[in-house]
*Asks:* 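Would you mind keeping the following structure in view while I ask a few things?
Below, read A as the first sequence line, B as the second, and so on, with proteins coming before strands; counting in each chain starts at 1. Hydrogens, waters and symmetry mates are skipped; everything else that's a heavy atom, side chains included, is used.
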2 protein chains.
Amino acid sequence: MKAAHSKKTGCRNPLHSQERILEAALKEFAAKGFAGARVDAIAGRARINKRMLYHYFGDKKGLFREVLRRKLAERSAWLASAPEPLIESLPFWFHIACRDAEWIRLLEWEALQWGERKVIDESHRRENAVRAIERLRQQQAKGLLSEEFDPGQLLLSMMALIAYPLAFPQMARLITGLSVSDPDFQRQREAFLHQFAMAFQPRPAIAGPQGRPERSHSWKSALK
Amino acid sequence: MKAAHSKKTGCRNPLHSQERILEAALKEFAAKGFAGARVDAIAGRARINKRMLYHYFGDKKGLFREVLRRKLAERSAWLASAPEPLIESLPFWFHIACRDAEWIRLLEWEALQWGERKVIDESHRRENAVRAIERLRQQQAKGLLSEEFDPGQLLLSMMALIAYPLAFPQMARLITGLSVSDPDFQRQREAFLHQFAMAFQPRPAIAGPQGRPERSHSWKSALK
DNA sequence: GGGACAAGTAACTTGACAGTTACTTTTACT
DNA sequence: AGTAAAAGTAACTGTCAAGTTACTTGTCCC
């Protein structure tokens with residue numbers, strides 16, 4: 001009876017408090033960066049006292065690290081969730097990235113603040129990168145992708161095409177005249193990335209227009 | 001006599017002081033961002049008193065703006081200096097960007113700190129963007145570039161391919177295993193961008209391998 | 001119920017930093 | 001030379017924010 005209250009709905013719920021802190025911290029860090037973020041603001045947003053925040057996470061940097069670590073774990077499913085041909089899923093990745101611009105911003109703040117110095121354990125990241133490169137290699141071996149390109153550089157370029165407009169929204173707006181958050185912009189970019197991916201495939205030597213038909217937008221239905 | 005001394009070599013040289021401040025500010029802001037930068041550090045680096053800094057530039061934000069404005073003006077010559085076919089000059093742009101990573105970082109800090117809110121007058125920027133898009137359109141009209149691609153999205157993508165590795169060095173290192181500042185990395189990326197640009201050109205319908213020979217690396221000699 | 005410990009609060013300390021003030025030195029002009 | 005304005009300095013002020021301390025409230029178990 002009492003236990004039920006304490007475990008679920010009670011104001012005293014450490015795990016729930018920690019979740020609230022992490023959520024608030026993600027928003028604050030993504031919006032203002034490490035230096036600009038205010039611990040008091042995070043505590044306020046999480047409706048918790050600063051004291052508890054320090055109790056759970058040690059210090060500001062520890063909190064940042066934890067936020068980053070969590071997001072990383074959450075996002076490591078990306079590669080696995082993408083439909084087979086890696087380049088064809090560019091629009092899919094972009095679509096997902098748009099729904100979670102905070103993630104991109106967090107990475108960007110990390111990049112700027114600490115450059116190449118690692119701020120969290122990177123084994124997961126490295127693993128994912130290696131796996132993606134391996135997939136590109138396999139596609140090259142199967143002849144689905146020209147072998148002249150270095151798979152690493154290719155992967156880097158794919159990430160660039162996805163992340164750049166979100167990381168530099170002022171540039172995107174300057175060039176296209178649309179705000180990055182405008183659905184029109186997102187549709188436009190998705191369409192471009194689709195065309196791009198198609199153009200990048202090695203031309204099927206002899207196959208006619210029916211060669212490999214309409215697998216294009218499968219990911220859209222896969223989402224809902 | 002006295003005038004000559006005062007104008008050129010004297011410790012009292014306002015213009016020279018301002019130059020030193022701007023130089024120091026560029027380094028500090030690029031390294032630590034607006035929130036992380038310390039006015040005292042800038043003053044110290046410029047071997048000048050804080051008072052004068054405030055006298056010349058009003059406040060911290062004014063100084064940041066001026067640094068940004070200057071760099072923008074300095075860089076607006078880029079487009080003009082690029083050899084004709086815009087996509088072919090990708091490696092050239094990347095090469096230049098590498099020599100001036102501070103510029104990219106400054107833009108990145110700006111993007112994160114203020115998002116799409118403009119922090120300086122953007123007419124120059126807009127003008128350059130419009131000009132570049134116009135050039136791409138002309139190339140499409142001439143049949144040098146497939147017309148299926150939106151020129152704006154294409155320009156955005158070119159900037160992405162150039163800036164992303166410099167803006168997210170941790171990603172570049174994760175994927176390629178090389179530091180962005182490593183000359184090997186830079187060579188590798190330049191080579192990739194070159195291949196990429198070639199692959200992107202519409203296939204010359206009938207022309208043999210001699211179709212349009214070896215204009216490829218002209219920009220390298222043009223630099224020295 | 002009572003005591004031990006976990007969760008929570010508010011007020012405080014300490015240091016850092018943007019911006020200022022009161023003052024001195026150099027240059028420019030007559 | 002004399003003087004006014006520009007260029008420069010060091011020490012100061014007020015604010016803000018990270019991290020701490022001393023204290024209160026709720027929870028769990030006997």
*Asks:* Which atoms form the tightest heavy-atom contact between A:V67 and A:A25, and what is the distance?
*Replies:*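 Looking at all heavy atoms of both residues, the closest pair is CG2-CB, 3.7 Å.
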*Asks:* Who are the ring pair (Phe, Tyr, Trp, His ring centres under 6.0 Å) partners of B:F168, not counting sequence neighbours?
*Replies:*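 Once residues adjacent in sequence are excluded, the partners of B:F168 under the ring pair (Phe, Tyr, Trp, His ring centres under 6.0 Å) criterion are B:Y164.
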*Asks:* What pair of heavy atoms forms the shortest contact from A:R75 to A:I96, and how long is it?
*Replies:*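 The answer is NH1-CG2, 4.1 Å.
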*Asks:* Expressed as a whole number of angstroms, how long is the span from B:M52:CE to C:dA18:P?
*Replies:*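 It is 18 Å, rounded to the nearest whole Å.
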*Asks:* Tell me the interatomic distance from B:R20, atom CZ, to D:dG8, atom P, rounded to whole angstroms.
*Replies:*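 It is 8 Å, rounded to the nearest whole Å.
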*Asks:* Between atom CD1 in B:I21 and atom C1' in D:dT9, what is the gap in whole Å?
*Replies:*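 To the nearest whole Å, that distance equals 14 Å.
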*Asks:* Please state how far atom OH in B:Y54 lies from atom P in D:dT9, giving the value in whole angstrom units.
*Replies:*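 Between P of D:dT9 and OH of B:Y54: 16 Å.
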*Asks:* Just to verify, what does B:A46 make a side-chain contact (heavy atoms from CB on, under 4.5 Å) with, not counting sequence neighbours?
*Replies:*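 Counting only residues at least two positions away or on another chain, B:A46 forms a side-chain contact (heavy atoms from CB on, under 4.5 Å) with B:R20, B:I21, B:A24, B:I48.
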*Asks:* Tell me the salt bridge (Lys or Arg N to Asp or Glu O under 4.0 Å) pairs involving residues 155-178 of chain A, sequence neighbours left out?
*Replies:*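 Passing the test, one end in residues 155-178 of chain A: A:R173-B:E116.
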*Asks:* For DNA chain D, determine which residues of residues 61-69 of chain A have any heavy atom closer than 4.0 angstrom to one of its atoms, and list them numerically.
*Replies:*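 Listed by number, there are none.
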*Asks:* Taking only N and O in the side chain of B:S17, is any of them less than 4.0 Å away from OP1 or OP2 of D:dA7?
*Replies:*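 The answer is no; no side-chain N or O of B:S17 sits under 4.0 Å from OP1 or OP2.
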*Asks:* Once the angle between the rings of A:F29 and A:F34 is folded into 0 to 90°, is it parallel (under 30°), tilted (30 to 60°) or perpendicular (over 60°)?
*Replies:*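 Answer is parallel, since the angle falls under 30°.
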*Asks:* Taking atom P of D:dG19 as reference, at what distance in whole Å does atom CG of A:D59 sit?
*Replies:*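 The answer, rounded to whole Å, is 5 Å.
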*Asks:* If you count the non-hydrogen atoms of other residues, nucleotides and ligands that lie under 6.0 Å from CD in A:E23, is the total more than 12?
*Replies:*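 Not buried by this count: 12 neighbours or fewer within 6.0 Å.
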*Asks:* Tell me which nucleotide among C:dG19, D:dG19, D:dA7 gets nearest to the side chain of B:H55.
*Replies:*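 Within the option list, the nearest is D:dA7.
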*Asks:* Find the distance A:I42:CD1 to D:dG19:P and express it as a whole number of Å.
*Replies:*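 Value for this atom pair: 11 Å.
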*Asks:* Among D:dT21, C:dA7, C:dA22, which nucleotide sits nearest the side chain of B:R51?
*Replies:*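 Per side-chain heavy atoms of B:R51, the pick is C:dA22.
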*Asks:* Tell me which residues in residues 22-41 of chain A put a heavy atom below 4.0 Å from DNA chain C, sorted by number, or none.
*Replies:*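 Within residues 22-41 of chain A, no residue comes under 4.0 Å of DNA chain C.
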*Asks:* Could you state the atom-to-atom distance from CG of B:N49 to C1' of C:dT26 in whole Å?
*Replies:*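 After rounding, the gap between these two atoms is 15 Å.
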*Asks:* Answer yes when B:E19 and B:R70 have at least one side-chain N-carboxylate O distance shorter than 4.0 Å, and no when they do not.
*Replies:*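 Looking at B:E19 and B:R70, the cut-off is met.
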*Asks:* Could you check whether the side chain of B:K60 and the base of C:dG19 have a donor-acceptor pair of N or O atoms closer than 3.5 Å, going by distance alone?
*Replies:*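 Check fails, no donor-acceptor contact within cut-off.
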*Asks:* By the salt bridge (Lys or Arg N to Asp or Glu O under 4.0 Å) test, which pairs, at least two apart or in different chains, include something from residues 40-51 of chain B?
*Replies:*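 Only B:E28-B:R45, B:D40-B:K50 qualify under salt bridge (Lys or Arg N to Asp or Glu O under 4.0 Å).
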*Asks:* Measure the distance from CG on B:L53 to P on C:dT20 and round it to the nearest whole Å.
*Replies:*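 Rounded to the whole Å, the gap is 12 Å.
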*Asks:* Look at the side-chain N and O atoms of A:Y56 and state whether any lies under 4.0 Å from the OP1 or OP2 oxygen of C:dA6.
*Replies:*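 It does not, given that no N or O in the side chain of A:Y56 lies less than 4.0 Å from OP1 or OP2 of C:dA6.
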